[in-house]
Amino acid sequence: MEKRTDWYEHPEYYEAIFGTDTVREVDFLQALSERHGTGGKQWLEPACGAGRLVAEATSRGLKVTGYDISEAMLAHARKRLTPARRRQVKLSVSRMEEFFEPSLEGKVDVAHNLVSTFRYLDSEAAALAHLKGTRRLLKPQGLYVLGFHLTDYARNTAEHERWLGKVGKDKVVCNTHEGLPDRRARRSPMRNRLRITGPGKDWLIETTWFFRTYDAAQANRLFRNAGLRVVAAYDFDYDLSAPVERGSRRLDRVFVLQPVPSEGSVVEVKKPSMDARKKVARRASAPRK
């Protein structure tokens with residue numbers, strides 16, 4: 001067995017596990033934009049990874065800017081785009097707390113980060129810098145759709161998840177382990193193991209890191225400090241007809257964030273067209289794939 005240490009250097013295997021809901025996620029994002037935002041076509045994806053959502057969004061005529069810290073992931077993202085679609089996309093290397101594109105200031109309709117990557121930001125200062133920078137890029141009615149797991153500080157057992165996938169003839173088994181949260185340090189230890197077996201191949205890719213922790217109060221306080229308000233919240237079922245109710249015990253959250261209007265500003269509330277309302281209704285009632 002050959003041991004490796006960074007799953008982000010192997011985007012094809014990463015996506016075998018985490019790339020299965022692409023169409024459904026972009027459906028959800030478009031429906032959210034119609035319901036809560038502008039319905040516009042300028043999108044931004046922080047930590048865009050191997051570009052599965054970038055490719056799907058551009059296939060629908062959207063203009064996308066994406067960035068990621070991993071060169072390997074971005075190379076994979078560029079390869080999956082046709083020459084025509086590359087003209088709709090701008091991809092660059094950046095950290096989440098540092099990214100800022102002056103040409104996009106005040107012009108983004110939807111920014112999105114759905115799979116807990118936000119928790120890699122390991123300090124309040126880094127998280128705040130990321131949120132403030134993203135807010136500056138949003139239109140007044142633009143949305144930042146941010147998904148991550150909240151933390152139950154009272155839990156006393158580790159959490160484990162297991163997924164199966166395939167890439168050609170290769171079998172991929174993913175085991176993710178989250179240790180006990182440290183309330184004082186605001187972090188929890190993470191370990192991911194990808195076991196890849198196939199003709200002439202037996203790999204174990206083990207990656208370890210720490211995730212920053214948030215309970216609901218900590219997350220909401222951070223959003224307020226960043227000048228963002230929560231206009232809606234959902235869970236990882238991506239069901240538009242089932243928003244998360246206040247006091248819900250579910251920890252998987254998709255926060256729909258919008259810039260707080262500045263004092264004295266006038267914010268136009270967009271009323272969706274009849275066609276848009278019908279699209280939202282169809283998406284909300286569609287069965288899970």
Side-chain angles (χ1 to χ4, degrees), residues 1-22 25 45-55 66-80 91-99 113-127 129-130 146-149 151 155 157-182 185-214 236 251-252:
M1 180 173 60
E2 180 180 349
K3 293 185 178 181
R4 302 191 174 199
T5 58
D6 188 352
W7 64 344
Y8 294 114
E9 293 298 314
H10 303 278
E12 67 276 22
Y13 297 119
Y14 178 91
E15 288 208 335
I17 300 300
F18 297 105
T20 58
D21 277 342
T22 300
E25 286 171 340
E45 185 176 3
C48 65
R52 61 185 181 86
L53 296 179
V54 170
Y67 64 89
D68 199 275
I69 196 172
S70 169
E71 290 273 14
M73 286 286 189
L74 289 173
H76 192 80
R78 293 186 182 99
K79 287 179 181 177
R80 72 195 318 158
L91 298 176
S92 60
V93 176
S94 181
R95 299 181 64 85
M96 293 177 74
E97 66 270 40
E98 295 174 357
F99 179 82
N113 182 274
L114 295 177
V115 291
S116 284
T117 312
F118 175 71
R119 292 180 62 199
Y120 278 104
L121 295 167
D122 60 1
S123 70
E124 197 80 356
H130 168 67
L146 183 61
F148 61 92
H149 284 82
T151 300
R155 72 177 170 87
T157 58
E159 294 185 337
H160 172 255
E161 291 183 276
R162 185 174 186 268
W163 298 277
L164 302 175
K166 290 196 73 176
V167 178
K169 294 182 179 180
D170 293 342
K171 178 182 177 182
V172 185
V173 180
C174 176
N175 285 279
T176 296
H177 179 278
E178 180 169 359
L180 296 182
D182 184 331
R186 293 281 305 276
R187 67 181 192 173
S188 57
M190 300 291 300
R191 184 188 68 214
N192 180 276
R193 285 176 175 162
L194 285 180
R195 183 71 182 272
I196 299 144
T197 54
K201 184 179 294 180
D202 185 1
W203 291 358
L204 176 63
I205 306 174
E206 182 171 312
T207 308
T208 60
W209 70 97
F210 286 93
F211 260 165
R212 186 159 176 79
T213 58
Y214 296 89
F236 282 10
L251 298 176
D252 52 324

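Worth knowing before you read on, the calculation uses all heavy atoms, side chains too, and leaves out hydrogens, waters and symmetry mates.
Side-chain contact, Asp202 with Thr197: no donor N or O sits under 3.5 Å from an acceptor N or O.
A distance of 3.5 Å separates CG in Asn175 from NE2 in His160, rounded to the nearest 0.5 Å.
Looking at Glu124 and Arg212, a side-chain N of the basic residue comes within less than 4.0 Å of a carboxylate O on the acidic one, giving a salt bridge.
At least one cation-pi condition fails for Arg119 and Phe148: the charged atom is not both under 6.0 angstrom from the six-membered ring centre and inside a 45 degree cone around its axis. Cation-pi geometry between Arg186 and Tyr214 is met: under 6.0 angstrom from the ring centre, within 45 degrees of the axis.
Atom NZ of Lys79 has 12 or fewer heavy atoms from other residues, nucleotides or ligands within 6.0 Å. In this structure, Arg95 places its CZ atom where only 12 or fewer heavy-atom neighbours from other residues, nucleotides or ligands lie under 6.0 Å away.
A 4.5 Å side-chain heavy-atom check between Tyr14 and Met73 finds at least one atom pair inside the cut-off. Within the 4.5 Å cutoff, the side chain of Cys48 has heavy atoms near those of the Leu91 side chain. Side-chain contact check for Asn192 versus Trp209: some heavy-atom pair is nearer than 4.5 Å. Arg52 is listed as a side-chain neighbour of Glu25, based on a closest heavy-atom distance under 4.5 Å.
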*Report the C-alpha distance between Leu53 and Thr22 in whole Å, list the side-chain angles of each, state the deciding distance to 0.1 Å, and finish with yes or no for side chain to side chain contact (heavy atoms under 4.5 Å, CB included).*
CA-CA 6 Å; Leu53 296 179; Thr22 300; 3.8 Å; yes
*Show your reasoning for whether side chain to side chain contact (heavy atoms under 4.5 Å, CB included) applies to Glu12 and Asp170.*
CA-CA 11 Å; Glu12 67 276 22; Asp170 293 342; over 6 Å; no
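Using a 30° and 60° split on the angle between ring planes, His10 and Tyr13 fall in the tilted class, from 30° to 60°.
The side chain to side chain contact (heavy atoms under 4.5 Å, CB included) test with Trp203 singles out one residue from Arg4, Lys3, Met1, and that residue is Arg4.
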